[in-house]
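For reference, the structure discussed in these notes is given below.
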Amino acid sequence: MERRVRVRFAPSPTGPLHIGGVRTALYNYLFAKKNGGDFLLRIEDTDQNRFVPGAEDYIVETFKWLGLSYDEGVGIGGPHAPYRQSERQPIYKQYADQLIANDFAYYAFDTTEELDEMRTKLEASKMPSKYDAASRMTMKNSLTLSEDEVKERLANNEPYVIRLKLPRKEEVRFHDIIRGWVVVQTAQMDDKVLYKSDGMPTYHLANVVDDYLMKITHVIRGEEWLPSAPLHVMLYRYLGWEDVMPQFAHLPLLLKPEGNGKLSKRDGDKLGFPVFPLEWKDPATGEISSGYRESGYLPAAVINMLSFLGWHPSDNREMFSVEDLFNEFTLERVSKNGAKFDLNKALWFNHEYLQLQNNAEIAAKLLPLALAKGYKTNLTYLEKVVALMKEKVNFAKEILEKGTYLFEAPTKYDEGVTSKKWKLGVPEFLTAYLEKINTLPTYEATELETSFKNLATELAQNPGQLMQPLRVAVSGEAGGPPIFEMLELLGKEEVNKRITKAVAEIVIVT
RNA sequence: GGUCCCUUCGUCUAUCGGUUAGGACACCAGGUUUUCAUCCUGGUAAGAGGGGUUCGACUCCCCUAGGGACUACCA
């Protein structure tokens with residue numbers, strides 16, 4: 001029987017989601033959409049010590065920003081609620097008990113000190129320092145203690161954990177959609193704690209139990225989970241769920257652009273690009289880390305960029321809308337090797353998506369920012385600014401940053417230009433030009449340009465030598481949008497003011 | 001250290017035994033813009049090394065090297 005595809009993204013709320021986590025969520029989402037299945041958001045907060053306030057909201061907010069809608073999960077509920085593991089606490093114990101009853105797990109009473117001692121001893125004798133089939137018989141657990149003592153300890157509420165009882169020598173194999181067959185010997189594994197002394201399950205137990213109860217069909221997660229996947233396979237087997245065990249797909253990691261190691265939360269802004277989707281303020285330290293959203297990245301660009309970090313279609317297309325990805329995403333085409341994050345590519349994607357947005361839309365987003373900067377402007381004018389500047393920038397907000405002179409008269413003039421091109425005769429020319437264009441019936445770019453060239457010819461001057469002075473007089477900058485379009489946008493009154501001011505202020509350097 | 005995973009241009013990658021090893025970003029050059037940028041055209045640039053298997057290997061196998069992950073009562 002074909003089961004309905006159900007996948008989940010199951011982050012732990014220990015801080016802001018980083019961009020690698022976002023990609024994992026994205027791949028889950030795309031896979032669900034592609035296969036007409038469900039995408040769930042489950043919060044794995046079984047470690048109360050690492051809980052960070054605001055982290056869960058941050059995740060939900062990230063999903064909203066990127067448009068990754070989920071079918072069940074925190075905030076919206078669903079048939080398998082609750083979706084927060086801390087609220088599912090009562091569920092897990094019975095499965096741990098079931099494992100004990102079937103002799104697949106046991107109680108362990110060892111203290112931290114005893115555990116440490118065991119490990120240092122084993123290490124000293126060059127033995128693998130694991131709590132396993134070999135070492136467990138030297139420890140304090142329900143396999144070594146008498147039945148009465150175990151009962152007594154439990155009755156006295158002595159702290160205990162429940163450990164998985166792994167066979168000494170057995171082969172565990174499973175098929176990973178991305179990596180193929182993975183084989184591990186139980187001799188290399190250890191008797192992982194499934195149930196902690198604080199009454200909470202560990203990740204391993206909670207994850208398997210919830211995936212089973214929530215009818216998850218595919219576990220798509222980061223490669224850091226690959227080493228514990230065999231343990232999870234054993235859990236499915238011992239719990240009697242092997243026939244409905246999800247298929248695994250372990251995603252390659254996102255690596256730092258330079259040097260070695262995986263991209264981690266700590267990298268923050270040190271690398272010149274955000275590691276987080278949204279800006280994050282650490283509640284403990286107050287430290288702020290930048291986010292893609294606040295940096296001006298477009299959701300569609302982030303999705304496209306992220307989807308290509310580890311996945312690629314069979315042809316050469318690179319611009320993929322979310323809908324395109326729905327149609328074409330397959331786990332089989334996810335690559336095996338880790339991907340280094342590339343800032344330039346991210347910028348390029350954003351540039352491309354910015355060009356696709358219409359000017360009015362961009363202008364509307366920019367208006368509050370422009371007003372906040374103190375620019376006296378409006379939507380109509382802003383839209384024209386966007387039209388002039390859009391293709392030059394990677395981020396919409398750069399239009400305001402690079403195009404200050406489109407809103408305010410320059411207060412200083414590019415010295416490279418003034419020192420080289422602001423020569424004798426230039427002020428006179430500009431004044432004459434002003435007079436000429438002030439009589440123009442329409443203040444329009446082509447007219448302004450024709451007048452400029454005609455005047456230069458009349459005065460036997462090289463227009464090329466005068467273009468830069470004109471630009472600098474009006475904008476203060478050496479570069480910028482096509483000069484006559486800029487004049488048209490600024491309008492007669494403003495151009496008059498600026499040129500007059502420049503002529504009066506710029507000193508001819510001889 | 002042990003276990004597992006990975007290895008094509010600087011980066012992301014295509015190739016599923018036979019290709020002049022393709023694309024994109026970045027970089028370089030030329031053109032457009034009498035500006036900067038954009039844009040257009042072109043260019044530089046890769047199968048980690050060594051063994052096999054095969055008529056033939058980037059592709060399959062083995063070894064070596066390198067990178068990464070994991071190795072908690074964290075996820």
Side-chain angles (χ1 to χ4, degrees), chain A residues 10-14 44-47 49-50 85 108 110-112 115-116 119 123 126-131 159-163 176 178-180 182-185 187-190 192-204 206-207 221-230 250 252-253 255 257-258 260-262 305 308-319 332-333 335-349 351 355 389-394 398 402 414 417 421 453 462-468 470-472 475 477-483 486:
Chain A
S12 167
T14 56
E44 311 223 322
D45 55 349
T46 51
D47 184 2
N49 299 322
R50 295 214 307 159
Q85 288 184 330
D110 315 281
T111 64
T112 313
L115 253 18
D116 285 346
R119 289 192 178 110
E123 253 168 61
K126 306 263 189 211
M127 301 278 284
S129 57
K130 304 186 272 109
Y131 204 118
Y160 68 89
V161 300
I162 296 174
R163 286 181 181 272
D176 185 283
I178 295 170
R179 278 149 223 291
V182 177
V183 184
V184 177
Q185 305 296 329
Q188 307 296 344
M189 299 162 64
D190 63 349
K192 277 275 180 297
V193 171
L194 302 177
Y195 201 81
K196 300 184 273 187
S197 58
D198 66 358
M200 277 288 197
T202 58
Y203 168 85
H204 306 292
N207 186 267
R221 70 213 324 183
E223 195 189 333
E224 69 267 28
W225 294 110
L226 194 54
S228 51
H250 289 93
L253 264 14
L255 275 13
E258 283 163 21
N260 307 321
K262 75 167 173 174
M305 178 267 290
F308 268 64
L309 244 30
W311 175 87
H312 202 278
S314 56
D315 55 38
N316 286 330
R317 283 139 61 229
E318 295 224 80
M319 292 294 284
E332 285 73 17
R333 292 201 65 84
S335 51
K336 293 183 174 73
N337 44 322
K340 287 188 178 180
F341 183 91
D342 185 356
L343 174 61
N344 280 317
K345 197 75 179 242
L347 293 175
W348 176 78
F349 269 120
H351 178 266
Q355 307 317 308
M389 301 288 285
K390 181 168 78 166
E391 63 184 25
K392 304 165 82 75
V393 301
N394 293 325
E398 276 183 274
K402 288 191 173 174
D414 186 285
V417 176
K421 302 254 170 102
K453 286 179 177 163
N462 178 1
Q465 290 302 308
L466 297 162
M467 207 78 99
Q468 281 293 80
L470 173 60
R471 174 182 295 285
V472 123
S475 73
E477 304 279 334
I483 177 78
M486 183 164 72

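In what follows, chains carry the letters A, B, and so on, assigned in the order in which the sequence lines appear, proteins first and then strands, with residues in each chain numbered from 1. Source: prediction; values computed, not measured. What's counted below: heavy atoms across the whole structure, side chains too, no hydrogens, waters or symmetry copies.
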How many Å lie between CG on A:L226 and P on B:C5, as a whole number?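 About 7 Å, once rounded to whole Å.
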May I ask you to evaluate whether [X] reaches the phosphate of [N], defined as a side-chain N or O under 4.0 Å from OP1 or OP2?
X      : N     : result
A:N337 : B:C12 : no
A:S228 : B:C70 : no
A:R333 : B:U15 : yes
A:K340 : B:G67 : no
A:K192 : B:C74 : no

Those residues that, when tested against [X], pass side-chain contact (heavy atoms from CB on, under 4.5 Å) (two or more places apart):
X      : answer
A:P159 : A:S197
A:H351 : A:Q355, A:N394
A:D414 : A:V417, A:V472, A:A478
A:P230 : A:V172, A:F174, A:V184, A:M189

With sequence neighbours excluded, residues passing ring pair (Phe, Tyr, Trp, His ring centres under 6.0 Å) with A:Y131: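 Listed in chain order: nothing, the list is empty.
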Any protein N or O atoms within reach of nucleotides 19-23 of chain B? Criterion: under 3.5 Å, listing atom names and distances.
residue : atom : partner : partner atom : Å
B:G23   : O4'  : A:N316  : ND2          : 3.3

RNA chain B: 5'-proximal contact among A:D190 and A:Y203 (nearest heavy atom):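 The residue whose closest nucleotide sits nearer the 5' end is A:D190.
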In terms of the nearest nucleotide of RNA chain B, which residue is placed more toward the 5' end: A:R179 or A:T46?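 Whichever sits nearer the 5' end wins; that is A:R179.
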Identify the heavy atoms of A:Q185 and A:V183 that sit nearest to each other, and give their distance.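 Closest approach of A:Q185 to A:V183: NE2-CG1, 4.3 Å.
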Nearest atoms (heavy-atom pairs only) where A:Y203 meets A:E44: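 Scanning both residues, the minimum pair turns out to be CE1-OE1, 2.9 Å.
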Across all strands shown, which nucleotide pairs with [N] by Watson-Crick or G-U wobble geometry, both distances under 3.5 Å?
N     : answer
B:G18 : B:C55
B:U3  : B:A69
B:C28 : B:G42

Per-nt protein contacts along nucleotides 30-50 of chain B (heavy atom under 4.0 Å; B base, S backbone sugar-phosphate only, - none) come out as ----BBBBBS-----------
Listed by chain and number, what are the salt bridge (Lys or Arg N to Asp or Glu O under 4.0 Å) partners of [X], not counting sequence neighbours?
X      : result
A:K402 : A:E398
A:R221 : none
A:K453 : A:E449
A:D47  : A:R50

For B:U32 versus B:C39, give the span between their C1' atoms, rounded off to a whole number of Å.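 Comparing C1' positions in B:U32 and B:C39 gives a spacing of 8 Å.
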Regarding A:G310, tell me which of base, sugar-phosphate or nothing describes its non-hydrogen contacts under 4.0 Å with the strands shown.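 Contact class for A:G310: sugar-phosphate only.
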Check: protein-nucleotides 57-66 of chain B nitrogen or oxygen pairs below 3.5 Å:
none

If you count the non-hydrogen atoms of other residues, nucleotides and ligands that lie under 6.0 Å from CE in A:M319, is the total more than 12?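 Yes, the 6.0 Å shell around CE holds more than 12 heavy atoms from other groups.
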